[in-house]
*Asks:* 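Below is one structure. I have some questions about it.
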Protein chains: 2
Amino acid sequence: MEPSPKRMPTLDEVAARAGVSRTAASRVINNAPHVSRAKREAVQRAVRELDFVPNPSAQALASRRAGAVVLAVSSDEPGLFADPFFAEIVVGVGTALEQTELELILLLANTPRGRQRFERLLRQRRADGVMLMALRGDDSLGRLCEEADLPVVFGGRPLRGEPAWYVDADNEGGARLAAEHLARTGRRRPVMISGQVDTRASAARERGFTDGLALAGLPLLGVEPGRFTEDGGAEAMERLLRAHPDPDAVFAASDAMAIGALRILRERGIRVPEDVAVIGFDDLASARHTSPPLTTVHQPVRALGEEMARMLVGALEGRRPGPLILPTRLTVRGSAPGLPA
Amino acid sequence: MEPSPKRMPTLDEVAARAGVSRTAASRVINNAPHVSRAKREAVQRAVRELDFVPNPSAQALASRRAGAVVLAVSSDEPGLFADPFFAEIVVGVGTALEQTELELILLLANTPRGRQRFERLLRQRRADGVMLMALRGDDSLGRLCEEADLPVVFGGRPLRGEPAWYVDADNEGGARLAAEHLARTGRRRPVMISGQVDTRASAARERGFTDGLALAGLPLLGVEPGRFTEDGGAEAMERLLRAHPDPDAVFAASDAMAIGALRILRERGIRVPEDVAVIGFDDLASARHTSPPLTTVHQPVRALGEEMARMLVGALEGRRPGPLILPTRLTVRGSAPGLPA
DNA sequence: GGGGAAGTTGGAAGCGCTTCCGGTTTTGTG
DNA sequence: CACAAAACCGGAAGCGCTTCCAACTTCCCC
């Protein structure tokens, strides 16, 4: 009875068993060219018989490829990661990566410590590529990646600069849809709750909403930032009501903020949707459970994650995919109903 | 202008610069004993001056330690990972790991493909330990880890067997609290929606609820399983109403199911909490936004993740921590209010 | 039938670190 | 002051794989 350290078979043993050189065996497992059909099959048989699995550390050391990618998440609001939004992103990324040999390293870069760890990870080249969900505008994480020169794909465009690779939802278009819907259903005095000010997504949603209103010949009465959080949304709603006592529609740049706004409206005895229509952005699961259920701009979050991963894999394989914008659409529910048929 | 392959300094260079052997340098960076103070400092200086970072692949290869742990999630309900519950777990784990040098590998083991990947990951010893969030009962993932003999920490106890290390919430106690609350507030005809049948958590919640009722001298009118999903909860509620037309309380083993139940009750014109009190389990963020807001058993999800990570780290360091049960408590909201003061 | 081009082949040199082991120095003790 | 125990030190042997390179076959076309 050994304590079974269970030595795993090595490439040498595979090669010996197949009667070829280690070089050839290596070529086979990496299915590289320059191996005759016969040898290739011999190696494959040996691999199967020995149940050989290459040692990733050794591969990494010799080839200088880590065999992993990292998804780094950063935002000011601590715990914002807990947002189901990120959970969906992670699922998308994980799903897409399932088709590859790459492992997914997850890194929360919210705290100073987290950013240090991120930096170290890059310097160590422990990952071959990076996916960055950076919510705040001043984010230097992208620069770090460039210095390490690892391929990066952004989830959502960063505030400054136009990175080579990103995937984003059509924030502007979605917000425009919201504006059109409100205009079409007879709303005339809209206000808006924007997100974190230093965020491109927030800016795009604000622009889209404004443009959409303008097309319909409507002014935007007021805008207040709400940090993308529920409480922030509530506070913004209070400020808006103070400045503009009688809006008949509010567009929030996220569902969380819309929920906060709903709370304030209810407290004030303002009826939704009779007095004020409310539209959110994201279409989180919880948007279905508010009362009334939230009309909101749907964005394909999981697909966003999947596309990020696919794009990164493409980059690693030497392709040069461009940016990708995923469509958004309006999900109409009770908080801003359509016209009665 | 080179294309800057940016060779990183190696341990040899550090050793040379510090005027010591590579062995000594290695000892220093691993802060192992048997190095004189003088040399230790010399090496540390050299490390700083060269900005040396050890190459993890090389370390892994030589030391047979991966420097990473994996969090594997498995459940039948695809996309259940998207549950904010998991997001919180991940945040907890990530936070705890921040204090260590370990990276976090995330693996979705829902699909057959995912499980294959998990298996490969173990055989490759790409991780030094495993955290397992296995929602379903028949889960063989645990056995795989044992075979690979890697330390495993379970999140929640598996249905069968009592693993050495797990961290779980006090499901039974929490459910008992729910029962007591209902009894105390005058409810006499309770029914329950349980979770996935093959789940220990569900069983524990059912047991706790039953026991709690028994202590108060109340019978449990009926139980129906609801798969831990919103739709499952709704269906269970329908079945319950069919069998027991007039309950005055329902306890759901998860918030999602409670939300489904609320929907059915509303559709049926049954008032909450006047006619029927509803209590959930989890205290997700969305529990605050139902109408009425959901009274629910709170479990410290993030702490659960943190403790899992801490426990695993402990195991890796050779400690033998035992299982850990985290307390739950009742969060009283509108769907099952307390007694008026 | 000769001259390559194109495809194969394996030896050997690493990749950058850990750790065993034998030897040397320092320390502690009676 | 002698002697064993404890601490320190560095040489060298790997860890398991990739890849460069030089040599060797085949095969094709004029």
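Numbered from 1 within each chain, the chains take letters A, B, ... in sequence-line order.
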*Asks:* Has the side chain of A:Thr23 got a donor or acceptor that lies under 3.5 Å from a partner of the other kind on the base of C:dG11?
*Replies:* yes
*Asks:* So which one's nearest nucleotide on DNA chain C is more toward 5', B:Val53 or A:His34?
*Replies:* A:His34
*Asks:* In whole angstroms, how far is the C1' atom of C:dG16 from the CZ atom of A:Arg123?
*Replies:* 15 Å
*Asks:* Any ion pair linking B:Glu146 and B:Arg143 (charged N to carboxylate O, less than 4.0 Å)?
*Replies:* no
*Asks:* When you get a sec, tell me which of D:dT19, D:dT18, C:dT18 is the closest nucleotide to the side chain of B:Asn30?
*Replies:* C:dT18
*Asks:* Across the strands shown, which category fits A:Pro54 at heavy-atom distances under 4.0 angstrom: base, sugar-phosphate, nothing?
*Replies:* sugar-phosphate
*Asks:* Does C:dG10 have OP1 or OP2 under 4.0 Å away from a side-chain N or O of A:Ser21?
*Replies:* yes
*Asks:* Does the side chain of B:Gln99 come within less than 4.5 Å of A:Arg113's, by heavy atoms?
*Replies:* yes
*Asks:* What I want to find out is whether A:Glu41 reaches A:Arg37 closely enough, with some N-O distance under 4.0 Å, to be called a salt bridge.
*Replies:* yes
*Asks:* In plain terms, say whether B:Arg22 and B:Asp12 are close enough for a salt bridge, that is, a side-chain N and a carboxylate O under 4.0 Å apart.
*Replies:* yes
*Asks:* Quick check: on DNA chain D, is the nucleotide nearest A:Leu11 upstream (toward 5') of the one nearest B:Ala24, or the reverse? Name the residue that is more 5'.
*Replies:* B:Ala24
*Asks:* Check the pair A:Val153 / A:Arg310 against side chain to side chain contact (heavy atoms under 4.5 Å, CB included), numbers first and verdict last.
*Replies:* CA-CA 10 Å; A:Val153 344; A:Arg310 253 196 276 282; over 6 Å; no
*Asks:* Nearest-nucleotide wise, let me know which of B:Arg27 and B:Leu61 is further upstream toward the 5' end of DNA chain C.
*Replies:* B:Leu61
*Asks:* OP1 or OP2 of D:dC9 sitting under 4.0 Å from any side-chain N/O of B:Arg22?
*Replies:* no
*Asks:* Rounded off to whole Å, could you give me the CD-to-P distance for the A:Gln59 and D:dC17 pair?
*Replies:* 7 Å
*Asks:* Can you measure B:Gln124 atom CD to D:dC17 atom P for me and round it to whole angstrom units?
*Replies:* 11 Å
*Asks:* So what does A:Ser63 touch, heavy atoms closer than 4.0 Å: a base, only the sugar-phosphate, or nothing?
*Replies:* sugar-phosphate
*Asks:* Without decimals, in angstroms, what is the distance between B:Glu13 CD and C:dG16 P?
*Replies:* 9 Å
*Asks:* Both B:Val20 and B:Ala62 contact DNA chain D. Which one's nearest nucleotide lies toward the 5' end?
*Replies:* B:Val20
*Asks:* Side chain of A:Arg64, heavy atoms from C-beta onward: which of C:dG7, C:dG16, D:dG10 has the nearest atom to it?
*Replies:* C:dG16
*Asks:* For residues 50-63 of chain B, pull every pair meeting side chain to side chain donor-acceptor pair (under 3.5 Å), keeping only residues two or more places apart or in separate chains.
*Replies:* A:Arg123-B:Asp51
*Asks:* So B:Arg40, base contact, sugar-phosphate only, or nothing? Heavy-atom distance under 4.0 Å.
*Replies:* nothing
*Asks:* Give one of base, sugar-phosphate or nothing for B:Ser36, where a contact means two heavy atoms less than 4.0 Å apart.
*Replies:* sugar-phosphate
*Asks:* Without decimals, in angstroms, what is the distance between B:Ile29 CD1 and C:dG16 P?
*Replies:* 14 Å
*Asks:* Output the rounded distance in Å from CZ (B:Arg125) to P (D:dC15).
*Replies:* 16 Å
*Asks:* What is the distance, to the nearest angstrom, from the CZ atom on A:Arg37 to the P atom on C:dG7?
*Replies:* 17 Å
*Asks:* Which listed nucleotide (D:dG16, C:dG16, D:dT19) is nearest to the side chain of A:Ser26?
*Replies:* D:dT19
*Asks:* Just the rounded figure in Å: distance from P of C:dA13 to CG of A:Asp12.
*Replies:* 15 Å
*Asks:* For a quick check of understanding: with a heavy-atom distance under 4.0 Å over all strands, which category does A:Thr10 fall into, base, sugar-phosphate or nothing?
*Replies:* sugar-phosphate
